[in-house]
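Residue numbering restarts at 1 for every chain, and letters A, B, ... go by the order of the sequence lines.
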Number of protein chains: 2
Amino acid sequence: MGITKSEHFTDEQNELATLAKAIGHPARIAIIQHLIKVNSCVCGDIVNELPLAQPTISQHLKELKNAGLIKGNFEGNAICYCLNEEGFNKIKGFFQHINTYLENKKNQCC
Amino acid sequence: MGITKSEHFTDEQNELATLAKAIGHPARIAIIQHLIKVNSCVCGDIVNELPLAQPTISQHLKELKNAGLIKGNFEGNAICYCLNEEGFNKIKGFFQHINTYLENKKNQCC
DNA sequence: TATTTATATTGCAATATTACGATATAGATA
DNA sequence: TATCTATATCGTAATATTGCAATATAAATA
């Protein structure tokens, strides 16, 4: 169907999925990596950096922003983007949990 | 278009995106969480655990397996699944990098 | 071997995502 | 105010994802 049955899952599961999904595109990975590199930059810089048209970048930025992974502030007539700690903190615990589990798991699978 | 221009991005960016995308569905989050809880289990257990039909679960398991996040071994006529350390190790560095960056970033955005 | 049990695959409908040209909007500047 | 610059939104085409019924496959057991 193409429609995810979110109502059958917990809020936490849906939230983690939304965050991971937002990260799950190479352009959005590239945007995140670029923001780490330059700390903060305007949308136009990202358009110059990536091989995608301006409306496409704008759309990817919107998705990252909706997921709470980046934030943007007006700076003149441009918009300055940077990472949003809040979003990343929400996934942090999930991966730490997995890592702790995997490190302590002595017995091989099955 | 719906087609991701993966050829324009680095292998690392595409790989990270594939992993995050595989995690980006509540059912697959639930599967991962269940596998952490019970360490390993057969497909049928997951079908009983989640509110989705057997073919749908099978498809989600396939995606997690293709991404390298779980592995399955035959156990009689059933298949026993558990987490695959390899896949999770690949994303580990990415999030650690982000966390280190965010912890050290003193200056506010923009 | 026939049947049962467990999982995968096929086929398909509904919906979502990706990408971009065209256009709108909003602040800066001449 | 007219124009420029930067970004967002709209509309749309191409493709991908989600979900499941029906069916196939493969190992276990009667």
*Does a nitrogen or oxygen in the side chain of B:Y81 sit under 4.0 Å from OP1 or OP2 of C:dA8?*
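Answer yes for this pair, as a side-chain N or O of B:Y81 is under 4.0 Å from OP1 or OP2.
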*Can you tell me if B:N84 uses its side chain to pair, donor with acceptor, with the backbone of B:K71 under 3.5 Å?*
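Not a single qualifying donor-acceptor pair exists.
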*Check: A:N14 main-chain N/O paired with A:T18 side-chain donor or acceptor under 3.5 Å*: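 Yes, because the side chain of A:T18 sits within donor-acceptor range (under 3.5 Å) of the backbone of A:N14.
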*Output the residues of residues 43-66 of chain B in contact with DNA chain D, where contact means a heavy atom of the residue under 4.0 Å from an atom of the strand; sort by number or write none.*
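Residues of residues 43-66 of chain B that come under 4.0 Å of DNA chain D are, in numerical order, B:L52, B:A53, B:P55, B:T56, B:Q59, B:H60, B:E63.
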*Any salt bridge (charged side-chain N to carboxylate O under 4.0 Å, His left out) pairs touching residues 25-50 of chain B, not counting sequence neighbours?*
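Counting only pairs at least two positions apart or across chains, the salt bridge (charged side-chain N to carboxylate O under 4.0 Å, His left out) contacts touching residues 25-50 of chain B are B:R28-B:E63.
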Could you state the [atom1]-[atom2] distance from [X] to [N], rounded to the nearest angstrom?
| X | N | atom1 | atom2 | answer |
| --- | --- | --- | --- | --- |
| B:F74 | D:dA26 | CZ | C1' | 8 Å |
| B:E7 | C:dT18 | CD | C1' | 13 Å |
| B:K21 | D:dA16 | NZ | C1' | 7 Å |
| A:I31 | C:dA19 | CD1 | P | 10 Å |

_Which is more 5' along DNA chain C, the nucleotide nearest B:F9 or the one nearest B:A78? Just name the residue._
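Final value for this comparison: B:A78.
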*Among all residues two or more places apart in sequence or in another chain, which pass the side chain to side chain contact (heavy atoms under 4.5 Å, CB included) test with A:A17?*
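A:A17 satisfies side chain to side chain contact (heavy atoms under 4.5 Å, CB included) with B:P26, B:I29 once adjacent residues are dropped.
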*Is the number of heavy atoms from other residues, nucleotides or ligands within 6.0 Å of CG (A:D11) greater than 12?*
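Atom CG in A:D11 is not packed in, count stays at 12 or less.
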_Co-membership, hydrophobic cluster, residues A:L61 and A:V42, 4.5 Å side-chain_ =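 No, it is not one cluster - the side chains of A:L61 and A:V42 are not joined through contacts under 4.5 Å.
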Could I get a table of every N or O pair under 3.5 Å where one atom is in the protein and the other is in nucleotides 28-30 of chain C?
none

_So, using side chain to side chain donor-acceptor pair (under 3.5 Å) as the criterion, who are the partners of B:Q13 when residues are at least two apart?_
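Here the qualifying residues are A:Q33, B:T10.
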*Qualifying ring-ring contact (aromatic ring centres under 6.0 Å, His included) pairs, either residue in residues 7-51 of chain B, two or more places apart*: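 Of all non-adjacent pairs touching residues 7-51 of chain B, those that pass ring-ring contact (aromatic ring centres under 6.0 Å, His included) are B:H25-B:H60.
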